[in-house]
Amino acid sequence: MKSLQHTPINRRGFLQVSASATAALSLGFSLPAHTQAKQPQEVNAWIDIHTDESIVIRYARTEMGQGSRTSAPMLIAEELEVDWKKVRIEDVQAHDNLKRKRAYGDMASVGSRTIRNSQDYLRKAGASARMMLVQAAAQRWGVAESECQAVLGKVVHTASKKSLSYGQLAADAAKLTPPKDVALKDPSTWTIAGKSIPRVDIHDIVTGKIRFGVDTQLPGMLHAAIAQSPVFGSKAVSIDTSKVDNRRGIVKVLNMGEFVVVVADNWWRAKEALRDVSIEWESSKYAQVNSAGLMKLYREGLSQTDAAVARQDGSALATLAQANKVIEAEYYTPYLAHATLEPMVCTAWLQDDQLQIWVSTQNPESSLTAAASTADVPQENVKVFAMQMGGGLGRKSPQDFTRQAVAIAKALPGKPIKLMWSREEDTQHDLYRPASLVKVRASLKPDGKPEALHIRVSAPSIFAQLLRMPLQNGVDPQAVAGLNDHPYDIAHCLVDFAQRSAHVPVGFWRTVGHSQNPFVRECFLDELATAAGTDPLAYRLSLLPNNEKANRDRGILQAVAKAADWDKPLPAGVFRGIAETDGYGSYTACVCEVSVNAKSEVRIHRIVIGIDPGYAVNPDNIQAQLQGSVVHGLSAIFWGEMTVKDGRIEQSNFHDYRLMRMNEMPKVQTVIAASGGFWGGVGEPAQAPLAPALGNALFAATGKRFRSLPLKNHGLSLVKA
């Protein structure tokens with residue numbers, strides 16, 4: 001490639017090349033193919049084949065540490081029949097997907113659906129290209145396709161042993177019509193998928209080559225810091241900028257209504273100046289709201305007479321009314337912040353009617369749409385460079401911060417504007433996991449098994465509040481997830497939902513409803529097992545019927561119990577708990593082993609956590625996801641809680657929204673029990689059984705039921721494992 005100093009180029013051209021280079025380097029991979037000596041041959045939208053036999057496979061989602069930039073291309077490479085060592089990964093950008101009429105499909109990395117929702121068309125893309133390469137070779141040799149076989153980047157004529165490489169065949173193959181019927185490999189024959197392969201970006205992350213959204217640097221870039229109303233929803237009535245008007249580096253102070261922004265030549269100056277801008281926020285009817293009042297709101301939902309029905313089998317209420325023995329409990333899980341290590345960040349550059357953004361986003365297509373509408377330019381005029389994310393956890397799918405960055409760039413056209421939220425702004429203006437208060441009642445038959453079950457969920461609705469979607473039959477599917485679809489054989493079951501709307505903004509937090517409701521379901525099931533005088537594992541197994549779903553629940557439950565030596569005694573003073581659940585298409589279970597001393601200090605001796613995702617594309621990555629789920633989950637279980645005072649979130653940073661320390665990390669043993677026959681998600685479901693397994697272990701250790709989180713509110717602390 002010619003160096004820039006030997007290439008005639010004007011300023012606009014230089015900036016365009018700089019932008020392209022920034023996007024490429026942010027991924028840690030080589031520059032786009034057009035800068036190389038020879039053009040590659042695109043066989044289909046997903047695959048480029050170079051004459052040097054290297055293969056470029058495109059990845060059309062975003063990466064935030066979940067590892068699917070490796071796993072998704074593995075599926076294409078498997079069907080393509082290539083040497084993985086010759087594969088390079090190239091990220092697809094949203095503007096390219098738009099230009100190609102969404103040839104790459106959905107680009108969002110949300111809901112643990114990258115593999116489970118795209119595996120079919122990814123595998124078919126690889127298989128289709130392989131079949132076209134075989135056809136091209138057969139035509140060149142004048143033989144039947146059935147006499148040819150693709151083997152590690154070559155097509156071999158089985159009779160004569162002649163071979164042609166993919167690089168030699170790619171141009172001919174690209175001219176062929178893709179086959180309508182594509183035969184996929186039997187997973188038992190996989191040689192790439194199903195194997196533990198190191199993530200393609202590990203080296204570049206460790207060496208700092210990859211660029212995150214916060215690393216974006218452009219010529220002449222300005223920096224923006226914002227302040228939003230401490231009480232959600234209020235607007236700035238007026239601002240006084242007299243203290244910062246002549247301060248060094250300050251470019252502009254703007255009242256954008258929903259937020260106030262200081263633009264400066266570096267972010268620290270902008271952030272420090274913002275503290276000296278006097279802002280008058282409009283008065284709000286929510287200024288008196290506090291956590292106690294919110295709890296009252298949720299408690300009122302428990303007695304609401306017109307709750308929406310999520311599941312109804314038999315006559316639960318009538319059966320409970322006539323029962324001799326009813327067990328009842330309330331469980332509470334609080335609001336939680338995402339607290340991603342990289343806060344909200346987006347760089348926007350509006351030049352005439354052309355807009356470019358560099359953004360840490362879980363949904364590049366939504367970023368493009370939000371940017372275009374905010375700038376009031378056609379979508380075709382927008383380029384989105386989705387950067388590596390320093391964590392997402394659901395927070396970087398909504399586009400509030402993208403709209404803010406573009407709005408600032410629109411106010412200052414011609415200059416790239418990098419907006420980054422402070423940690424305090426990020427903590428106190430999140431889209432929080434909803435709080436949820438759940439009342440559970442069950443009656444037991446003489447054999448100790450439940451005859452009737454009533455679960456009432458009182459909580460805000462993410463779908464109604466964030467997405468503004470009408471609720472089908474009045475039920476938010478995430479609010480009741482894991483409850484209305486429980487697998488247990490209970491003749492009379494009623495699950496209903498009382499929507500309680502509060503002013504605290506809510507959003508999707510990793511595992512969403514499955515981060516809350518399994519805690520309710522599986523801890524209460526333990527309460528029933530205790531009342532029945534039955535071993536918790538045996539009790540669960542006795543309630544699972546003989547159907548496909550329950551049998552998968554049974555399979556992972558038994559696999560994890562076996563790995564945890566459930567049938568063997570523990571050392572003196574050590575106790576254990578178990579839980580299982582399913583979500584995002586996968587089945588998970590967990591066993592926790594703990595001890596608790598007289599100071600209420602909890603020591604977690606071992607966590608055995610397992611998943612059945614159907615097919616395990618990259619077991620090493622799945623293990624990392626299970627371990628990461630434990631880190632994230634334990635942080636929330638012990639310390640996670642957002643409280644409200646005077647209408648405002650009280651927590652502001654990691655000093656009062658605590659994360660788990662390295663020396664507190666327990667031993668984690670993972671179980672991947674892939675049973676085949678379906679495709680489940682991995683990023684979120686493993687967190688679901690952790691809280692109930694730990695809660696059940698703590699009951700075994702202390703004799704006390706902990707029915708609300710975080711555990712710090714019960715005087716419990718986590719000590720070094």
Side-chain angles (χ1 to χ4, degrees), residues 11-12 14-28 62-64 91 93-95 210-226 249 251-252 254 256 259 261-271 274 340-375 377 379 381-392 395-423 425-426:
R11 183 176 184 275
R12 176 176 289 273
F14 169 77
L15 296 179
Q16 290 173 338
V17 172
S18 298
S20 298
T22 300
L25 291 174
S26 73
L27 310 175
T62 53
E63 180 65 51
M64 56 188 146
D91 283 16
Q93 301 297 348
H95 49 271
I210 275 187
R211 293 293 179 260
F212 295 81
V214 296
D215 297 320
T216 302
Q217 296 291 334
L218 296 170
M221 185 171 71
L222 297 176
H223 299 259
I226 67 167
V251 175
K252 198 80 171 177
L254 297 168
M256 307 293 285
F259 62 94
V261 58
V262 174
V263 180
D265 59 0
N266 68 52
W267 185 81
W268 186 254
R269 284 178 179 157
K271 183 254 187 187
L274 188 59
T340 57
L341 292 184
E342 177 193 46
M344 303 305 105
V345 60
C346 176
T347 300
W349 193 357
L350 181 63
Q351 302 172 85
D352 300 325
D353 63 347
Q354 302 295 313
L355 175 65
Q356 297 179 83
I357 65 171
W358 292 257
V359 59
S360 293
T361 177
Q362 290 180 239
N363 193 337
E365 291 184 291
S366 289
S367 297
L368 189 152
T369 301
S373 63
T374 303
V377 300
Q379 291 189 17
N381 292 15
V382 180
K383 288 188 175 181
V384 175
F385 300 101
M387 309 295 282
Q388 177 90 8
M389 284 174 279
R395 178 59 181 94
K396 293 175 182 174
S397 181
Q399 300 299 318
D400 50 339
F401 59 101
T402 301
R403 294 187 185 92
Q404 291 171 344
V406 174
I408 300 167
K410 188 177 180 182
L412 295 169
K415 287 283 188 180
I417 308 292
K418 180 178 177 180
L419 167 67
M420 184 171 71
W421 289 18
S422 66
R423 176 62 59 194
E425 199 70 24
D426 187 66

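Closest approach of V345 and V359 over heavy atoms only: O-CG2, 3.8 Å. Here the closest heavy-atom approach between residue T62 and residue A386 is recorded as CG2-CB, 3.9 Å. Counting all heavy atoms, side chain and backbone alike, L355 lies closest to A375 at CD2-CB, 3.9 Å. Smallest separation of non-hydrogen atoms from V384 and Q93: O-OE1, 3.0 Å.
Counting heavy atoms from C-beta on, the side chains of T369 and Q379 come closer than 4.5 Å. Residues W358 and L218 meet the side-chain proximity criterion, which asks for heavy atoms closer than 4.5 Å. Two residues are said to be in side-chain contact when any heavy atoms from C-beta on lie closer than 4.5 Å; Q217 and K418 meet this criterion. Q388 is listed as a side-chain neighbour of F212, based on a closest heavy-atom distance under 4.5 Å. I226 is listed as a side-chain neighbour of W421, based on a closest heavy-atom distance under 4.5 Å. Side-chain contact between D400 and R395 is present, with heavy atoms from C-beta onward closer than 4.5 Å. Annotation: side chain of C346 is in contact with side chain of I357 (closest heavy-atom distance under 4.5 Å). Side chains of M256 and Q404 form no contact here, defined as non-hydrogen atoms less than 4.5 Å apart.
Not counting sequence neighbours, E425 has no partner by the salt bridge (charged side-chain N to carboxylate O under 4.0 Å, His left out) test. Applying the salt bridge (charged side-chain N to carboxylate O under 4.0 Å, His left out) rule to D426 yields the partners R423; only residues at least two apart in sequence or on another chain are considered. Residues forming a ring pair (Phe, Tyr, Trp, His ring centres under 6.0 Å) with H223 (at least two apart in sequence, or on another chain): none.
Atom CZ of F385 is separated from atom CG of D91 by 12.0 Å, given to the nearest 0.5 angstrom. With values rounded to the nearest 0.5 angstrom, M64 atom CE is found 11.0 Å from T340 atom OG1. To the nearest 0.5 angstrom, T347 atom OG1 is 11.0 Å from Q356 atom CD.
For the pairing with S367, the side chain to side chain donor-acceptor pair (under 3.5 Å) check across Q362, K396, Q399 returns one residue only, Q399.
Residue-environment remark: NZ (K271) exceeds the threshold of 12 foreign heavy atoms within 6.0 Å.
Remark: the backbone N or O of G213 is paired with a side-chain donor or acceptor of T216 at under 3.5 angstrom.
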